[in-house]
Amino acid sequence: MKFGHFDDKNREYVITNPQTPWPWINYLGNEDFFSLISNTAGGYSFYKDAKFRRLTRYRYNNVPMDSGGRYFYIKDEETTWSPGWKPCKTTLDKYECRHGMNYTSIEGVKNGVSAKVLFFVPLKTWAEVQKLTLKNNSSEVKKLKIFSFTEWCLWNAAADMENFQRNFSTGEVEIEGSVIYHKTEYKERRDHYAYYSVNVPIKGFDTDRETFFGLYNGFDEPQVVAEGNPTNTVAHGWSPIASHCIEVKLQPGESKDFVFVLGYVENAEDEKWESKGIINKTKAKETIARFDTAEKVVAAFDDLKKYWDNLLSIYNVNSGDDKLDRMVNIWNQYQCMITFCFSRSASYFESGIGRGMGFRDSNQDLIGFVHQIPERARERIIDIASTQFQDGGCYHQYQPLTKKGNNDIGGGFNDDPMWLILGTISYLKESGDFTVLDEMVPFDNDVTVARTLFDHLTVSFDHVVNNLGPHGLPLIGRADWNDCLNLNCFSNDPNESFQTTENKSEGTKAESLMIAGLFVIYGRDYIELCKKMGKSDEANRAQKEVDSMIVAVKQYGWDGEWFIRAYDYYGRKIGSEENEEGKIFIESNGWCTMAGIGKEEGLCEKALDSVKERMDTEFGIVLNNPAFTKYYIEYGEISSYPAGYKENAGIFCHNNPWIMIGETEIGRGDQAWEYYRKICPSYLEDISELHKTEPYVYAQMVAGKDSFKPGEAKNSWLTGTASWNFYAISQFILGIQPDYDGLKINPCIPTKWDGFEITRKFRGATYQIKVENPNHVSKGVAKVTIDGNLYKSNVLPLFKEGTTHSIVVELG
Ligand code: BGC
């Protein structure tokens, strides 16, 4: 069942039934100011950091689901309704929500009146702009009252939910004209306030929540709206809100626009006040003035559209398959950008207070995003590397506001350092900017111990070399990529977190085959980089380490039919035929086959055949099999989940692409494609009632074959799934790979495809590539022509900036 449809021309998903199986959301903003918005206008806004600078309040896991947001109540005689259906839930004559690239437009129609709200964060602006257009399509004069609504969060989203003995006494607002200012804590240590304005005179306002709703009403029936009159309350403590009331008279056929601005301001210490107790409103007024007419809003909206036109013009495929094209050209790239902005901090599954910017996550996010704005990837790499320790180890995350690492969600994950090599190499290959390697980058944010970024890569590489276990394989530490495979935790206390509890690493034999594969791949990248930089001694040293890792994997990591997953604390195998449960895992088989370990001896093919046989399902590849059915204290969190969910045999979409890429390594394009299609959301649109999450973005996990409801997705939006799937489809299936000195073309496609076309902008030039498949093969480049001339290699050269070239590639 569908709840809407794709509009590819406008790059929108159009929701026509507000009762989606789960709130289907979108993100506004892409630099400093952000909002989450659901298809019924639920959600919240924040500046940079969803934990420390939360502007508006949102209650997660509420009843009903997704209550709270920026709402409009329209009072038309006895009927009160909302354009997004919620919160009033009055049946609408028409409802339509269009989620687009960093904007959402929601339209409701009731009794001849249409109300359409466009929500977006203009470029370089610390505010969400809401343009409400009311139109009277009836033959009568309409006299309406509009009430806006938003609820202020007292800045620190965590404290806002717990410290009520203080919170209920601190709230402060100011009202001037049509602007409501939220200034809680501004008089002491804060240098910031928020505001909510509208560009017309108002009939009145309310800022005291209790008065606006009445103590016993919900969002659906505010007392003030029911009575039809604002009461001009000024909040003192309790829970400040912002609501404007506007009276509107519309002649038949007439339409009117109203512009609301929800913004954020920071003032320097000596510029905080206009007069005693009265905040300096200059900056707020400047921003409000930038959007005080509908025309100005439309112009800013056009700029945003152009910004996205440009970003999405860098990689564009025409395959003849709408579902594929819309993912590659629009939604997957969009999700990569969003994931890059937020890491794992704020979604409808991430509360914005639990997690910040992950070390491994952000590096992986880069690979899906770096072609869009390489400069921002550069900055991110430096930010991430600045939190690293001198021995190459890492904090697992940092908060975006301070950019300082913290141990809030644990530390000592031994895969973390290797991802920095992936992130940096991806940036280098896309941009050709080697100067980044000479940047002086602190350790643990301490500038007195700064070393070059290249040195950070060396310590990353060495962190694995210096932490090998009894089989010469990498020690796992707290865990590797799989946060839940906690081999050194032995936790039997339900009050402690698997991630932060003490790690019993003394005497451990816990080794990871996943890190081994990771080390071989990014170790090779490191070696290639050393060679490019003329550091041949370092390259030779590193080569020896990579070679011995390959030997160790073949000797101790091969189980007969697949790669084992790990050795536990005691040195016993995990992910082996010997085990009763968890005989085979996706991660080690993905990484060791991507690395091509034992390819000549047929190990990769065998391993991938075993993956298919044991872990492939209708909805994707499960993480492990058989699922764990009891708690294994020596494995930790992985066995805490019910079978078929999350890391315990769920379809963890993040790592399905590792198998896809492994398949392309051995040339099996049909299989790689089948795996791609199975988890790709646009192909699942027809089963939205089962899939549950948005059909335009990937979810982290789809319930696996052992679960209660196979095929049901959870945790959409912020997941490494976005970048890895884009990486797999764009670089390994369609096969367009940025390289140091050119663009490599190496597709691995289904045999039945006749070919496809790609436009790729790379280092300032445009490559118009036509791939032809006359012999219906999967892989292998038989012939390349550039502008009609035969070319000797499948690595296309760099062209002069601003030029366009036409390339024909024949497979065979
Ligand atoms: C985390 C990743 C982790 C993955 C598997 C995600 O929720 O953000 O860092 O690799 O789960 O455990």
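Treat the numbers as computed from the prediction; the structure is a model and nothing was measured.
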Residue pair D220, K89: steps toward the salt bridge (charged side-chain N to carboxylate O under 4.0 Å, His left out) verdict: CA-CA 7 Å; D220 54 335; K89 294 207 291 183; over 6 Å; no
List the steps, then state whether side-chain hydrogen bond (donor to acceptor under 3.5 Å, both in side chains) holds for R290 with T125. CA-CA 10 Å; R290 281 175 53 210; T125 304; 2.9 Å; yes
Give a yes-or-no answer on whether the side chains of E96 and T16 include a donor-acceptor pair shorter than 3.5 Å. no
Centroid-to-centroid, W308 to Y334, below 6.0 Å? yes
Does the pair D686 and M1 meet the rule for a side chain to side chain contact (heavy atoms under 4.5 Å, CB included), with working shown? CA-CA 5 Å; D686 286 337; M1 181 182 172; over 6 Å; no
For Y27 and F34, run ring-ring contact (aromatic ring centres under 6.0 Å, His included): C-alpha distance rounded to whole Å, both residues' side-chain angles, the deciding distance at 0.1 Å, then the answer. CA-CA 7 Å; Y27 286 83; F34 300 103; 8.3 Å; no
Rounding to 0.5 Å, atoms CG (L92) and CG (N111) come to a distance of 10.0 Å
Tell me whether the centres of the aromatic rings in F260 and F258 are closer together than 6.0 Å. no
Y264/Y195 aromatic ring centres below 6.0 Å: no
Could you go step by step and tell me if F46 and F52 meet the side chain to side chain contact (heavy atoms under 4.5 Å, CB included) rule? CA-CA 9 Å; F46 60 94; F52 291 122; over 6 Å; no
Working for ring-ring contact (aromatic ring centres under 6.0 Å, His included), residues F120 and Y103: CA-CA 5 Å; F120 70 108; Y103 67 87; 8.0 Å; no
In this structure, which one of N267, D191, N280 forms a side-chain hydrogen bond (donor to acceptor under 3.5 Å, both in side chains) with Y186? N267
Between T339 and D365, is there a side-chain donor-acceptor contact under 3.5 Å, judged purely by atom types and distance? no
Are W22 and Y348 an aromatic pair by the rule of ring centers under 6.0 Å? no
Would you mind telling me which of N39, I106, T104, T40 makes a side chain to side chain contact (heavy atoms under 4.5 Å, CB included) with I15? N39
For E254 and K135, what are the C-alpha separation, side-chain angles and deciding distance, and is it a salt bridge (charged side-chain N to carboxylate O under 4.0 Å, His left out)? CA-CA 6 Å; E254 190 185 3; K135 182 154 194 233; over 6 Å; no
Measuring only between side-chain heavy atoms, which start at C-beta, is Y73 closer than 4.5 Å to P87? yes
In a check of side-chain hydrogen bond (donor to acceptor under 3.5 Å, both in side chains) between S716 and each of E694, Q335, H691, which one passes? E694
Hey, are the side chains of Y698 and M327 touching, using non-hydrogen atoms and a 4.5 Å cut-off? yes
What I'd like to find out is whether the side chain of R54 reaches to under 4.5 Å of the side chain of K51, using heavy atoms alone. no
Around K116, counting heavy atoms of other residues, nucleotides and ligands shown, do more than 12 lie under 6.0 Å from its NZ? no
If you take the centroid of each ring, where Trp contributes its six-membered ring, are Y95 and W85 closer together than 6.0 Å? no
Evaluate the side chain to side chain contact (heavy atoms under 4.5 Å, CB included) criterion for residues T282 and E271: first the C-alpha distance (whole Å), next the side-chain angles of each, then the deciding distance (0.1 Å), finally the verdict. CA-CA 10 Å; T282 316; E271 289 173 1; over 6 Å; no
Y696 ring center within less than 6.0 Å of F6 ring center: no
Given side-chain hydrogen bond (donor to acceptor under 3.5 Å, both in side chains), test N136 with Q251 step by step and report yes or no. CA-CA 7 Å; N136 180 1; Q251 299 298 328; over 6 Å; no
Any ion pair linking K281 and E286 (charged N to carboxylate O, less than 4.0 Å)? no
Does the side chain of T56 pick up a donor-acceptor pair with the side chain of R70 at under 3.5 Å? no
Centroid separation F147 to H244 less than 6.0 Å: no
How close do A115 and L132 get, heavy atom to heavy atom, and via which atoms? CB-CD1, 4.1 Å
Under a 4.5 Å cut-off applied to non-hydrogen side-chain atoms, are R11 and H99 in contact? no
Assert yes or no for the condition that the ring centre distance of W126 to Y47 is strictly below 6.0 Å. yes
Less than 6.0 angstrom separating the ring centers of W24 and F3, yes or no? yes
Are any of the side-chain heavy atoms of I74 and T80 separated by less than 4.5 Å? no
So that I know where these two stand, are F72 and F149 an aromatic pair - ring centroids less than 6.0 Å apart? no
When the ring centroid of Y44 is compared with that of Y58, is the distance short of 6.0 Å? yes
Step by step, work out the side chain to side chain contact (heavy atoms under 4.5 Å, CB included) result for V121 and N102. CA-CA 8 Å; V121 173; N102 274 158; over 6 Å; no
Residues, nucleotides or ligands: over 12 heavy atoms within 6.0 Å of E77 CD: no
More than 12 foreign heavy atoms under 6.0 Å from CG of D302: is that the case here? yes
May I ask you to check whether W155 and H182 place their ring centers less than 6.0 Å from one another? yes
